[in-house]
Amino acid sequence: MVKRFIALVLVLAVGGLFAVLLATYAPDAELNQTARYYAQRTAQDLGAANIVTAIIVTYRGLDTLGEVTVLFLAATIVGLVLSQGGQSGTPARGRVPVGELLTTGSRYLAPLILLLGVYVFVNGHLTPGGGFQGGAIIASGTLLLLLADPLRRFGHRLIAAVESVAGVVYVLIGLLGLILAGGFLDNRILPTGALGALFSAGAIPLIYVLIGLKVGAEVSSMLVSLAETDAETREEA
Amino acid sequence: MPGIAQLAMATGFLLILIGFYGALTRRNLLRMIVAFTVAGTGVNVVIVSIGYMHGRTAPILDATLAASDAAARIIDPLPQALVLTAIVIGVGITALMLAYALRLYSQKRTLDIGRFTELKG
């Protein structure tokens with residue numbers, strides 16, 4: 001009871017701070033200097049229609065490379081933590097069978113989800129979306145397959161191969177920018193093309209496809225690791 | 001008269017507070033993880049709401065938004081780029097927490113945080 005009271009007091013104190021922030025908040029009427037630079041220069045410098053994409057892939061490309069690395073580390077640690085002590089393979093007993101609807105539905109939906117994911121990351125420089133969103137959609141397809149058949153085993157080798165090839169090519173494209181254009185991860189190693197066309201914005205679509213594959217593979221591998229361990233934990237119980 | 005930005009910001013702050021309270025009071029590891037996720041979502045909502053500007057459009061150039069007057073007509077793209085990063089990292093953190101929770105469960109057969117007393121002096 002005392003603990004709950006202390007928690008309530010703490011939360012109220014933080015809430016008070018938030019209330020002050022909210023009461024004194026005045027929205028900007030104009031873009032700040034950095035945002036205005038991005039708004040004015042993106043189209044003519046990089047040829048990307050989606051300014052958020054231009055910021056993530058090119059202006060802040062190094063951050064994004066780091067971010068993908070963090071996600072990779074997270075996926076690796078999840079695999080490492082869950083792989084310790086536990087043998088896989090034997091099917092669990094007494095599992096409630098999944099419904100006919102889910103099994104049949106997932107068979108038809110999974111390719112479409114995959115297609116949507118690819119569409120989202122291929123058009124990342126033109127529409128709201130991009131590599132991370134597309135990768136998450138692909139991983140949701142993996143999740144659907146796992147829900148339909150919890151004992152399905154995905155090829156770890158395939159996931160690892162997609163993940164590492166995408167990562168290596170991403171870094172190589174970044175290094176090419178160092179040689180052919182203005183710096184690391186500069187997208188102008190390819191022609192920027194017409195604004196709004198699918199093949200435009202230099203290397204941005206290429207990089208976003210790689211990020212999409214990488215994120216999709218990483219999140220899928222986390223899901224697969226969790227699902228496999230879940231099956232084992234139930235067996236032991 | 002509060003605008004949509006203030007409304008979104010208040011919602012985000014509320015989500016953060018709900019998440020904090022849940023993380024402080026729940027005993028079940030899975031519930032704590034859910035609480036952290038709720039708080040993280042609240043932070044993202046707050047950051048996005050800071051970038052919102054009344055009467056402006058999304059930062060995507062197309063037929064109706066020429067590059068020349070983009071600076072006067074788009075909302076701030078920076079918070080959106082930041083939140084995109086934050087969401088992805090949030091997924092990684094959540095997956096890690098779940099993995100540790102699974103490991104702890106497989107060792108102790110419980111998710112009650114009160115039963116994990118190894119670090120108590």
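Protein chains get the first letters and strands the later ones, always in sequence-line order, with residue 1 at the start of each.
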Given A/Arg4, A/Arg60, A/Lys3, the one with more heavy-atom pairs under 4.5 angstrom with chain B than any other is A/Arg4

Please report the interatomic distance CG(A/Leu8) to OG1(B/Thr25), rounded to the nearest 0.5 Å. 9.0 Å

Tell me, for A/Leu10 versus chain B, whether the close heavy atoms (under 4.5 Å) come from the side chain, the backbone, both or neither. side chain

Sort A/Leu226 into side chain, backbone, both or neither according to what part of it lies under 4.5 angstrom from a heavy atom of chain B. both

Heavy atoms only: give me the nearest B/Ala99-A/Val81 pair and the separation to one decimal. O-CG1, 4.1 Å

Comparing B/Ile75, B/Val46, B/Leu84, B/Leu24 against chain A, the one with the most heavy-atom pairs below 4.5 Å turns out to be B/Leu84

B/Ile16 versus chain A, the contacting section by heavy-atom distance below 4.5 Å: side chain

Taking atom CZ of B/Arg56 as the centre, report whether more than 12 heavy atoms of other residues, nucleotides or ligands fall under 6.0 Å from it. yes

Where on A/Asp63 is there a heavy atom nearer than 4.5 Å to chain B: the side chain, the backbone, both, or neither? neither

Rounded to the nearest 0.5 Å, how far apart are CD of A/Glu67 and CD1 of B/Ile89? 5.0 Å

So for atom CD, which belongs to B/Gln107, do other residues, nucleotides or ligands contribute more than 12 heavy atoms lying within a distance under 6.0 Å? yes

Taking every non-hydrogen atom, the tightest pair across A/Ile55 and B/Ala81: CG2-CB, 3.9 Å

Per-residue contact mode, A/Gln133 against chain B (heavy atom under 4.5 angstrom): side chain

Side chain / backbone / both / neither for A/Thr127 at chain B, heavy atoms under 4.5 Å: backbone

Among B/Arg73, B/Gln80, B/Met9, who wins on heavy-atom pairs under 4.5 Å with chain A? B/Met9

With B/Tyr100, the side-chain contact (heavy atoms from CB on, under 4.5 Å) member among A/Ile77, A/Leu82, A/Val78: A/Ile77

CD1 on A/Ile56 to OG1 on B/Thr85, rounded to 0.5 Å: 5.5 Å

Interface moiety of A/Tyr38 toward chain B, non-hydrogen atoms closer than 4.5 Å: side chain

Might you point out which heavy atoms bring A/Met222 and B/Gly92 nearest each other, and give the distance in Å? CE-CA, 4.1 Å

Picking from B/Ile50, B/Leu78, B/Val91, which has the most non-hydrogen pairs under 4.5 angstrom with chain A? B/Leu78

Over 12 foreign heavy atoms within 6.0 Å of CZ, B/Arg31: no

Where on A/Val70 is there a heavy atom nearer than 4.5 Å to chain B: the side chain, the backbone, both, or neither? side chain

Spacing of CG belonging to A/Leu31 relative to CD1 belonging to B/Ile74, to within rounding of 0.5 Å: 5.5 Å

Looking only at non-hydrogen atoms, find the nearest pair between B/Ser49 and A/Tyr25 and report the distance. O-OH, 3.7 Å

Start with the C-alpha distance between A/Phe132 and B/Ile87, add both sets of side-chain angles, then the distance that settles side chain to side chain contact (heavy atoms under 4.5 Å, CB included), and finish with yes or no. CA-CA 9 Å; A/Phe132 294 104; B/Ile87 291 173; over 6 Å; no

Nearest 0.5 Å, what's the OG-CG distance between A/Ser225 and B/Leu102? 10.5 Å

If we define contacts as heavy-atom pairs under 4.5 Å, which of A/Ala49, A/Ala74, A/Pro128, A/Ala39 has the most with chain B? A/Ala49

Run the side chain to side chain contact (heavy atoms under 4.5 Å, CB included) check on B/Phe13 and A/Val14 step by step: do they pass? CA-CA 9 Å; B/Phe13 282 143; A/Val14 178; over 6 Å; no

